[in-house]
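The structure under discussion appears below in the form of structure tokens.
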Amino acid sequence: MNDALQSLLDLLDLEQIEEDIFRGTSDAAPLVPRVFGGQVAAQALVAAGRTVPEDRPAHSLHAYFLRPGDPGAPIVYTVDRIRDGHSFTTRRVVAVQHGQPIFHLSASFQLYEDGLEHQEPMPDVPDPLTLPTADELLPRYKHLFGPGVTERMLQARASIDLRYVDEPPFGSVGQPREPKSQVWFRTNGKLDGVADHPLRHVCLATYVSDMTLLDSILLAHGRGGWAVGDIVGASLDHAMWFHRPFRVDDWLLYDQESPSASGGRGLAKGRIFTADGRLAVSVIQEGVMRVPREKKK
């Protein structure tokens, strides 16, 4: 396990300050001066999971990003125990900074049971080990980025080995493409000991799910995104359904597409498959997607 992954695990290890109240620290998002949305979602799910019996894994979450998070201040997570049923447990989490809510999460947990089984097939994609790493890929586009952007992006991805199947949005600026994007990802190191807990795997997948999901929207319009500076945006809401067990330290395929963009917003949906083809997670997110206005001369 490298130092970056250990730092991420430490970030998700919340301090309990009272019953059902937790506190977390923050890292700044790599390209904007606010807390990375995936971090807040993952920490909120950690807080909710800490109040649920061990035999009830998370099966869904629905969340709204309300205000930009301040990376220089702690975040307090308050958990409401909405329901403890025979099969399902529901929790509501509100994340607060400077006296104001910045994020709201509803999460549901279920006692395992047998049932009907079917799934969509996994797409046919190249083996992840044949694809370039972030260290190999990002420097190719350094000429498109502002000062220090490449270094910040590499630092942000040091804990996660994330590999694009095709060119990322910043690799085809000005060339609209089919609104689909695929990445392989896994943690940069195996999880063991106390870190190897089912909730930790789910929370880390939640963290990663916000890293590239809006890429498919950018591709449809030939936009390079935040690294290039031709889009101003932020996550609005986020939903995930956890279908089958998985390990985030094994390769996972994140298959993403955008069915629509309108009204200054874009919608993206994703499917996360295990390397052996099991559909593990479904994801949907809407985000603000605005083209920066040209400055008047």
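The first residue in the sequence is number 1, and the count goes up from there. Since the structure is predicted, the reported quantities are computational estimates derived from the model, not experimental observations.
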| side chain to side chain donor-acceptor pair (under 3.5 Å) partners for His98, two or more places apart | Asp70
Give every donor-acceptor pair under 3.5 Å between a side-chain atom in residues 215-222 and any protein atom, sequence neighbours left out.
residue	atom	partner	partner atom	Å
Asp215	OD2	Tyr164	OH	2.9
Ser216	OG	Ser258	N	3.3

| note | The ring pair (Phe, Tyr, Trp, His ring centres under 6.0 Å) partners of Phe109 (sequence neighbours excluded) come to none
| Would the His238 and Tyr64 ring centres measure less than 6.0 Å apart? | no
| note | Leu252 meets the side-chain contact (heavy atoms from CB on, under 4.5 Å) criterion, sequence neighbours left out, with Phe185, Phe246, Val248, Ile272, Thr274
| Contacts of His243 that satisfy ring pair (Phe, Tyr, Trp, His ring centres under 6.0 Å) - sequence neighbours left out | none
| What residue pairs, at least two apart or across chains, pass ring-ring contact (aromatic ring centres under 6.0 Å, His included) with a residue in residues 255-278? | none
| message | Applying salt bridge (Lys or Arg N to Asp or Glu O under 4.0 Å) as the test, list every pair that has at least one member in residues 115-126; sequence neighbours left out. | response | Glu117-Arg244, Glu120-Arg271
| note | Hits for ring pair (Phe, Tyr, Trp, His ring centres under 6.0 Å) against Tyr207, two or more places apart or cross-chain, chain-then-number order -> Phe36
| message | The criterion is ring pair (Phe, Tyr, Trp, His ring centres under 6.0 Å); which residues satisfy it with Tyr112, sequence neighbours excluded? | response | none
| request: Could you tell me whether Lys180 and Asp166 make a salt bridge, using a distance below 4.0 angstrom between a side-chain N and a carboxylate O? | output: no
| said: Using the side-chain contact (heavy atoms from CB on, under 4.5 Å) criterion, which residues pair with Ala4? Sequence neighbours excluded. | reply: Asn2, Ala158, Ser159
| note | Residue pairs passing the ring-ring contact (aromatic ring centres under 6.0 Å, His included) test with at least one member in residues 120-142, sequence neighbours excluded, are Tyr141-Phe170
| Quick one: ring-ring contact (aromatic ring centres under 6.0 Å, His included) pairs with a partner in residues 65-87, sequence neighbours left out? | Phe65-Phe103
| remark: In Val93, Leu45, Val202, the residue satisfying side-chain contact (heavy atoms from CB on, under 4.5 Å) with Leu61 is Leu45
